[in-house]
Amino acid sequence: MMLKEIKKDLYSSQTTLVAVSKTRSQQQILELYDLGQRDFGENRVPELVEKYEALPEDIKWHAIGSLQTNKIKYIAPFISLIHSVDSYRLLYKINREALKNDRTIDVLLQIKIGMEEAKQGFKMDELKKLLKKEKSFEAFANVNIVGLMGMASFTNDKEQITAEFKSLKTYFDLCQKEFFNAKSFNTLSMGMSGDYKIAVSQGSTMVRIGSLLFS
Ligand SMILES: *Cc1c(COP(=O)(O)O)cnc(C)c1O
């Protein structure tokens with residue numbers, strides 16, 4: 001069973017496993033649920049909402065894909081963690097929808113570390129400037145920025161991937177020290193099926209694994 005093997009890899013570092021269940025059936029999710037898995041990640045809002053409504057209430061749902069601002073309202077009532085905040089505007093809208101639902105939503109800021117042009121996320125220097133200017137987004141009372149997320153380049157070059165995760169960890173430590181409360185800013189979401197072992201070795205606290213888990 002793949003779940004067991006992955007859990008063993010994550011055990012000593014206490015890394016949280018998010019099972020990425022996009023495109024998988026409710027039945028497939030329930031099979032993992034029955035083995036004790038509670039964190040599931042989806043990248044499309046309609047699919048996320050549909051599964052949330054149909055599946056057990058104690059599942060923690062993670063939004064991991066790029067989010068359109070006009071879709072936030074559908075997930076705001078229940079989402080456990082949004083991994084993909086890549087603009088100030090998105091944060092502003094999440095705060096507004098969270099307020100409407102009388103809750104605080106945990107989010108991660110997505111950082112661009114991979115080489116691909118298309119990879120979304122804040123550039124590190126850009127975010128640093130923004131954090132200095134906006135004083136850690138303190139105005140947003142209904143969002144909790146609990147950490148960072150990043151995706152390494154799509155490559156077989158392990159040194160490249162290691163270097164990218166290492167740079168994200170260094171940046172995470174800097175943000176924790178300079179801009180956030182270290183107690184609540186404690187999540188570093190990095191690592192997928194192909195590179196989660198490298199990510200964990202570089203300090204990941206949360207991995208997002210799909211294909212390896214469901215194949
Ligand atoms: C699909 C996806 C994953 C999981 O990828 P696998 O290679 O199937 O493990 C992780 N993170 C994000 C943002 C994804 O879109």
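For clarity, every value in this text was computed on a predicted model and none was experimentally measured. In listed order, ligands and their atoms are each counted from 1. All values below were derived from every heavy atom in this structure, side-chain atoms included, with hydrogens, water molecules and symmetry-related copies excluded.
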Between ligand 1 and the protein, find all N/O pairs closer than 3.5 Å and give the distance for each.
residue  : atom   : partner : partner atom : Å
ligand 1 : 8 (O)  : Ser211  : N            : 2.8
ligand 1 : 8 (O)  : Ser211  : OG           : 2.9
ligand 1 : 9 (O)  : Ser193  : N            : 3.0
ligand 1 : 9 (O)  : Ser193  : OG           : 2.5
ligand 1 : 9 (O)  : Gly210  : N            : 2.8
ligand 1 : 11 (N) : Arg208  : NE           : 2.9
ligand 1 : 15 (O) : Lys22   : NZ           : 2.8

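Asp86 meets the side-chain contact (heavy atoms from CB on, under 4.5 Å) test with Leu90, Gln120; sequence neighbours excluded. Among residues two or more places apart in sequence or in another chain, the side-chain hydrogen bond (donor to acceptor under 3.5 Å, both in side chains) test is passed with Ser153 by Glu164.
Taken from NZ in Lys51 to CD in Glu42, the straight-line distance is 3.5 Å, to the nearest 0.5 Å.
With hydrogens and angles disregarded, a donor-acceptor distance shorter than 3.5 Å links the side chain of Asn181 to the backbone of Lys183.
Screening residues 184-215 for ring-ring contact (aromatic ring centres under 6.0 Å, His included), with sequence neighbours left out, gives Phe172-Phe185, Phe180-Phe185.
Under the 30°/60° scheme for interplanar angles, the aromatic rings of Phe140 and Tyr88 are found to be tilted.
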